[in-house]
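To start, the structure itself, in structure tokens.
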Amino acid sequence: MTHSMTLTRMARNAVLLAALAGSVTACGFHLRGSGGSYTLPFKSMYVGLPESSPLAIDLKRNIRVNGNTVIVGDPKAADGIIDVITDPEKTRTKTILSLNSAGRVGEYLLSYNIVFRVRDNSGAELLGPTQITLTRPITFNETQLLAKEQEEALLYRDMQTDLVQQMMRRMAAIKIGAPAPASATPGPGSALLMPGTSEPTPAATVPPASVPAKQ
């Protein structure tokens, strides 16, 4: 009897959550990573990243499904050109965030950072160099190395998804013919986006000890 009541209560809660999610989305709110809709002011775009780059693949997919913008392989044929000044796949970091009582690493901070700009095919800057820095904390347990490696890969993937959405939002705000917005290039650690937030918050002062990030 008790088991049956528990299952019924769980089913009812699942239905309520699904209904709530539907109503929230209908109001125009999108959960982080759910892929908000952004209309870009370009008929064609060129992405300045290698074809095999996971970030490039994700970014191009989002550009194609939002509006009528097409991806071209020649920057001269593009209305908008994305120049990646700092490639997050090459500069992502993993630093020590905290130590446990035994003096061993208890937590790391993963960082995913990009600096990009958007210009037209004549070289005119439409969006000045813009920096987006994302971070995720991850606990460490030396007895669960494989599980932690998998968790780390998932967190980097989550940051990549978040990064693409933020890039799309910034590009959708470009006004063709208007002066390029001022560059948004905060210094290291000055504008970190923590999980569950969309606005930059001051990073805690931590004496990081750099550790090569696993690819």
Straight-line distance of [X] [atom1] to [Y] [atom2], nearest 0.5 Å:
X: F140; Y: I96; atom1: CZ; atom2: CD1; value: 10.0 Å
X: T133; Y: Q166; atom1: OG1; atom2: CD; value: 9.5 Å
X: T161; Y: L163; atom1: OG1; atom2: CG; value: 9.5 Å
X: T69; Y: R64; atom1: OG1; atom2: CZ; value: 11.0 Å
X: Q160; Y: S53; atom1: CD; atom2: OG; value: 7.0 Å
X: L155; Y: K148; atom1: CG; atom2: NZ; value: 9.0 Å

Inset, instruction - List the steps, then state whether side chain to side chain contact (heavy atoms under 4.5 Å, CB included) holds for F116 with T130. - result: CA-CA 5 Å; F116 75 102; T130 301; 4.1 Å; yes

Legend entry - Y156 and Y112 aromatic ring geometry - parallel, tilted or perpendicular at 30°/60° bounds: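 Tilted.
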
Is a side-chain N or O of [X] found less than 3.5 angstrom from the main chain of [Y], in a donor-acceptor match?
X: N121; Y: A77; result: no
X: N66; Y: Y38; result: yes
X: S98; Y: G106; result: no

Legend entry - Test item: E142 and V105 side chains (from C-beta on) under 4.5 Å apart, heavy atoms: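 No, side chains not in contact.
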
Legend entry - Within-4.5 Å side-chain heavy-atom neighbours: L59 and M168: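 Yes, side chains in contact.
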
Legend entry - Worked check of side chain to side chain contact (heavy atoms under 4.5 Å, CB included) between R136 and E152: CA-CA 9 Å; R136 298 288 188 273; E152 181 178 319; over 6 Å; no

Under 4.5 Å between side-chain heavy atoms, counting indirect links through other Ile/Leu/Val/Met/Phe/Trp/Tyr residues: same cluster for [X] and [Y] or not?
X: I81; Y: I174; value: no
X: F42; Y: V72; value: no
X: I132; Y: V118; value: yes
X: L154; Y: L110; value: no
X: L55; Y: V65; value: no

Which heavy atom of [X] sits nearest to which heavy atom of [Y], and what is that distance?
X: D58; Y: R61; answer: OD1-NH2, 2.8 Å
X: A172; Y: L40; answer: N-CD2, 3.7 Å
X: P41; Y: I176; answer: O-CG1, 3.8 Å
X: V84; Y: L49; answer: CG2-CG, 3.6 Å

Legend entry - For L109, the option from T93, I138, T135 that meets side chain to side chain contact (heavy atoms under 4.5 Å, CB included):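 Answer to the side chain to side chain contact (heavy atoms under 4.5 Å, CB included) test with L109 among T93, I138, T135: T135.
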
Inset, instruction - Run through I85, T86, I114, N113 and flag the one making a side chain to side chain contact (heavy atoms under 4.5 Å, CB included) with Q131. - result: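 Output: one option passes, namely N113.
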
Inset, instruction - Decide, yes or no, whether a salt bridge links E51 with K60 under the criterion of side-chain N to carboxylate O below 4.0 Å. - result: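 Counted as a salt bridge, because a side-chain N and a carboxylate O are separated by less than 4.0 Å.
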
Inset, instruction - Walk me through it: do I82 and M167 pass the test side chain to side chain contact (heavy atoms under 4.5 Å, CB included)? - result: CA-CA 10 Å; I82 303 173; M167 291 178 69; 4.3 Å; yes

Inset, instruction - Count the heavy atoms belonging to other residues, nucleotides or ligands that lie under 6.0 Å from CG of N68, then report whether that count exceeds 12. - result: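 No, CG of N68 has 12 or fewer neighbouring heavy atoms, counting only those of other groups under 6.0 Å.
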
Legend entry - Donor-acceptor pair between D120 and S122 side chains, under 3.5 angstrom: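 Yes, side-chain donor-acceptor contact under 3.5 Å.
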
Inset, instruction - Using the side chain to side chain contact (heavy atoms under 4.5 Å, CB included) rule, take M45 and M171 through it: C-alpha gap first, then chi angles, then the decisive distance, then the call. - result: CA-CA 11 Å; M45 294 199 78; M171 292 190 294; 3.9 Å; yes

